[in-house]
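Worksheet: the structure to be examined is printed underneath.
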Amino acid sequence: MKSGVFVLLFYAGICMAVIPLPGSPSWTSSDTDYSTGGALYDITMDGWIDYCTGNGNDMAMNTNAIYINQNGTLETNASWRSTEAGYFSHIYIGDIDNDGYSDMAVAYLGFGAANQGPTSIYRNTGNGLDQTAWWISADQYNSFDCAFGDVDLDGDLDLAVVAGDAYSGLESPTRIYRNNSGTMETTPYWTSTDSSPGDACRWVDLDNDGYLDLVVGYRHKLSVFTNVNGTLEQTASWSTSEQGWILRIAVGDYNNDGYKDIAVASNGQLGGDESQIEVYKNENGILQTPPEYIMLTSTNYCSCVEWGDANNDGWIDLAAGGWWEPVVVFENINGTINTTPAWSWSGGSGLVCETVMWGDVRNHALTTVNEQKSGDGTRKLFYLDHHPIQELAHISIDDSIVPLSELTYDPLTGWVSLADPPPSGINNIEFTYTYSQYPDLGVTNWNASNGNYLFSNTTGIEEHEIVRHEAALRLDVFPNPFSKLTKISFGKVHPDRITHSSYGTGSAECSELRIYDITGRLVKKFSSYFLVSTAVSWNGVDNTGQKLPSGIYLVELRVGDQIMHEKVVLAR
């Protein structure tokens, strides 16, 4: 991926609509799946986020699919398919074994006690996901949702799964599978005492105590299982009466007060239930009832919801949808959510929304930030200021890079956990990551005849304007991944000559170019260069001339007080 060049570009051609999305889909898939789960993330490690789906639901034996992003264009027929076919449902993306490659968990829905299955994880070995599940749970059940979280804060991802079948009233507890340094236990180490059928779950630190709590959505209630110093209570300490059937949960701080709020999609299909979108305000660590906002009350089957800042105003907006209902976005105006949709699209009977998701498919509005946090010697969990995350480049503590084996994170909700607490210090932790200022909106569609959708953000980038007056860096690595030789191009951009697509020259200035492995060990250092516009070639050897093993490496460019990083994959 091309890291951001640390300049603030002037965005022109902005659509007059408050939510800059088009009036019709920009992309539609051609496959005939009952798509349910969805995620936008770079599975192939080529710098472009892919469109991942979990398929089958309770309708048909489908395979899971990934639509590969080819330089900003999604293929319409998925080229990656799982070997297994099943009644799969929602998915979640995360790096299970801390190798720098994103893996995919998939829940299994089915229908009733006669049609159950295991939760699966497809492992990424650096060339995309394996087609056969790397891990499956030993127990089988009906499940609509799963979510990665680090419940014990040991720096690796554990997996929560909600279970049961609301249609048949089949009960099953929520469960957590523990991760031991990349090895997933196949039986749950934690189960809830409540066996009510659950359909949605998310991890979130509600009370800002540095531990992830588990929020679970049921029919007629929303519950919070509080995490006390790394131990999750088995009986929920907070629940609220609901008049609907909670199918999806989204985590985000809509009023920027430092506490994460909760949005839910409440479905009315089972009779006597209210269909609506609800937002629960977090007041100093406690979700307030009744909901602060209730929207789409005239609908029948609300089914999905997700936060994302569509118009780059610093306030996250709320996307939502339903079964045979329009997909909509509610604008957040300075911390107040407008309960009338600012944007909507109706697919009629052809649109049965299951997942709404945000991400920059074209890389058209990416920005890379160096965000600093302060350690206190005990806290290991931190939230980034923006989400979803397109790429986490690296984390450094007191200028030392944290090895991948000692951290994990959630690209969807933006939390990062470290195996060891950073020492006390002012702004001594630096997170370098990329997010989109103007993300696109993806929608998975259960209607197998009509395909999945993407709505490309209509905000354009003016290529010849800039509002920052200091020189910026550029760093490019190509090819990436590489097997024998890659070219590392770098330079300094003169502020009077910047365009979006070309680089000018600047004054000479001493620089350093280094390469680190995933443990944070310096493996290659190039001699200092005077930046005009130059490049070096790297053949995958260290400073002693020894060949390095396949894996992820971090290229670091330093010029004065400016720093830029780029991941490179060596695939021998």
Self-check item: Side-chain heavy atoms of V305 within contact of V264, under 4.5 Å
Solution: no
Practice problem: Taking atom types as modelled, find out whether S89 and T36 have a side-chain donor-acceptor pair closer than 3.5 angstrom. | Solution: no
Quiz item: Distance under 6.0 Å and angle within 45° of the ring axis: does R175 meet both against Y141?
Solution: yes
Quiz item: Can you name the closest pair of heavy atoms from L296 and A320 and give their distance?
Solution: CD1-CB, 4.4 Å
Quiz item: Of all heavy-atom pairs between A263 and L318, which one has the smallest distance, and what is that distance?
Solution: CB-CD1, 3.9 Å
Quiz item: Hey, does the side chain of E325 reach the backbone of N300 with a donor-acceptor pair shorter than 3.5 angstrom?
Solution: yes
Practice problem: Determine, step by step, whether L412 and R202 satisfy the side chain to side chain contact (heavy atoms under 4.5 Å, CB included) criterion, reporting the C-alpha distance in whole Å, the side-chain angles of both residues, the deciding distance to 0.1 Å, and the verdict. | Solution: CA-CA 10 Å; L412 179 62; R202 284 292 181 269; 4.0 Å; yes
Quiz prompt | Main-chain N/O of W245 paired with N267 side-chain donor or acceptor, under 3.5 Å | solution = no
Practice problem: Decide yes or no on side chain to side chain contact (heavy atoms under 4.5 Å, CB included) for M45 and Y101, but give the supporting numbers first. | Solution: CA-CA 7 Å; M45 304 297 294; Y101 305 126; 3.8 Å; yes
Exercise. Considering non-hydrogen atoms only, spot the tightest contact between V443 and M357 and give its length.
Key: N-CE, 4.5 Å
Quiz item: So, D139 and Y177: side-chain donor and acceptor under 3.5 Å apart, yes or no?
Solution: yes
Quiz item: Just by distance, do the side chain of K380 and the backbone of L153 share a donor-acceptor pair under 3.5 Å?
Solution: yes
Self-check item: Qualifying residue, where the test is side-chain contact (heavy atoms from CB on, under 4.5 Å) with V356 and the options are V329, V328, V327
Solution: V327
Quiz item: So I389 and L384, side chain to side chain contact (heavy atoms under 4.5 Å, CB included) or not? Walk me through it.
Solution: CA-CA 9 Å; I389 302 166; L384 303 178; 3.3 Å; yes
Quiz item: Any idea which heavy atoms bring G252 and H387 closest together, and the distance?
Solution: CA-NE2, 4.0 Å
Self-check item: Polar contact flag, side-chain donor to acceptor under 3.5 angstrom, D165-S168
Solution: yes
Quiz item: Is there a side-chain contact between L441 and W343 (heavy atoms, below 4.5 Å)?
Solution: yes
Quiz item: Near I286 CD1, under 6.0 Å, is it more than 12 heavy atoms from other residues, nucleotides or ligands?
Solution: no
Quiz item: In Å, rounded to the nearest 0.5 Å, how long is the span from CG of L247 to OG of S275?
Solution: 9.0 Å
Exercise. Without swapping roles, check the side chain of N180 against the backbone of M184 for a donor-acceptor pair under 3.5 Å.
Key: no
Self-check item: S192 and D194: side chain donor to acceptor below 3.5 Å
Solution: no
Self-check item: Between CH2 on residue W27 and CG on residue N69, distance to nearest 0.5 Å
Solution: 10.0 Å
Self-check item: Short side-chain to backbone donor-acceptor contact, T444 and T355, under 3.5 Å
Solution: yes
Quiz item: Does the side chain of Y92 come within less than 4.5 Å of D410's, by heavy atoms?
Solution: yes
Exercise. Could you verify whether a donor N or O on one side chain and an acceptor N or O on the other, from E391 and Y433, lie under 3.5 Å apart?
Key: no
Self-check item: No-hydrogen, no-angle side-chain donor-acceptor test under 3.5 Å, T408 and S417
Solution: no
Quiz item: Between Y122 and W80, does a ring pair (Phe, Tyr, Trp, His ring centres under 6.0 Å) hold up when you go through it step by step?
Solution: CA-CA 12 Å; Y122 293 88; W80 182 92; 5.7 Å; yes
Quiz item: Salt bridge or not for R178 and D154, using N-O below 4.0 Å?
Solution: no
Quiz item: Do N452 and S35 have side-chain atoms, one donor and one acceptor, less than 3.5 Å apart?
Solution: yes
Quiz item: Do Y293 and Q276 get their side chains close enough for a donor-acceptor pair, meaning under 3.5 Å?
Solution: no
Self-check item: Main-chain N/O of Y254 paired to D261 side chain as donor or acceptor, under 3.5 Å
Solution: yes
Exercise. Scan side-chain atoms only and decide if S137 and T186 contain a donor-acceptor pair under the 3.5 Å cut-off.
Key: no
Self-check item: Shortest non-hydrogen separation from L214 to A160 and the atoms involved
Solution: CD1-CB, 4.0 Å
Quiz item: Any side-chain heavy atom of T44 sitting closer than 4.5 Å to one from D50?
Solution: yes
Exercise. Verify the distance criterion only: is there a donor paired with an acceptor across the side chains of T63 and S82 at less than 3.5 Å?
Key: no
Quiz item: Is there a side-chain contact between W358 and E306, using heavy atoms and a 4.5 Å cut-off?
Solution: yes
Practice problem: Side-chain contact test, heavy atoms from C-beta onward, threshold under 4.5 Å: evaluate it for W415 versus L212 and give yes or no. | Solution: yes
Quiz prompt | D33/R81 salt bridge by N-O under 4.0 Å criterion | solution = yes
Practice problem: Determine whether the side chains of H220 and D273 contain a donor N or O and an acceptor N or O closer than 3.5 Å. | Solution: yes
Quiz prompt | N227 side chain vs V151 backbone, donor-acceptor pair below 3.5 Å | solution = yes
Quiz item: Say you draw a straight line from CG of D103 to CG of L129; how long is it, rounded to the nearest 0.5 Å?
Solution: 7.0 Å
Self-check item: Short side-chain donor-acceptor distance under 3.5 Å, Q288 and N282
Solution: no
Quiz item: Do S143 and Y108 touch side chain to side chain, with heavy atoms closer than 4.5 Å?
Solution: no
Quiz item: Is D156 reaching over with its side chain to a backbone N or O of D150, donor-acceptor style, under 3.5 angstrom?
Solution: no
Quiz prompt | Interatomic spacing from CG in D42 to SG in C52 - rounded to 0.5 Å | solution = 9.5 Å
Quiz item: Would you say the side chains of N338 and E331 form a donor-acceptor pair under 3.5 Å?
Solution: no
Exercise. Kindly assign one of parallel, tilted or perpendicular to the pair Y453 and W345, based on the angle between their ring planes and the thresholds 30° and 60°.
Key: perpendicular
Quiz item: Quick one: do the S29 and D31 side chains pair a donor with an acceptor below 3.5 Å?
Solution: no
Quiz item: Quick one: does Y409's side chain have a donor or acceptor within less than 3.5 Å of a partner on D95's backbone?
Solution: no
Quiz prompt | Shortest non-hydrogen contact between S349 and N447, atoms and distance | solution = O-ND2, 3.1 Å
Exercise. Check the pair F111, Y87 against ring pair (Phe, Tyr, Trp, His ring centres under 6.0 Å), reporting the backbone distance first and the verdict last.
Key: CA-CA 9 Å; F111 46 88; Y87 296 90; 5.4 Å; yes
Quiz item: Do the non-hydrogen side-chain atoms of D440 and F455 ever get within less than 4.5 Å of each other?
Solution: no
Quiz item: Once the angle between the rings of Y435 and H386 is folded into 0 to 90°, is it parallel (under 30°), tilted (30 to 60°) or perpendicular (over 60°)?
Solution: parallel
Quiz item: Which distance, rounded to the nearest 0.5 Å, do you find between the CG of L381 and the CH2 of W203?
Solution: 11.5 Å
Practice problem: Test side chain to side chain contact (heavy atoms under 4.5 Å, CB included) on V279 and W307 and set out the steps. | Solution: CA-CA 11 Å; V279 176; W307 298 103; 4.2 Å; yes
Quiz item: Say you draw a straight line from CG of D97 to CG of N124; how long is it, rounded to the nearest 0.5 Å?
Solution: 8.5 Å
Quiz item: Passes side-chain hydrogen bond (donor to acceptor under 3.5 Å, both in side chains), T289 versus T240? Steps please.
Solution: CA-CA 7 Å; T289 55; T240 182; 4.9 Å; no
Quiz item: Is there a donor-acceptor pair closer than 3.5 Å between any side-chain N or O of D317 and the backbone N or O of D309?
Solution: no
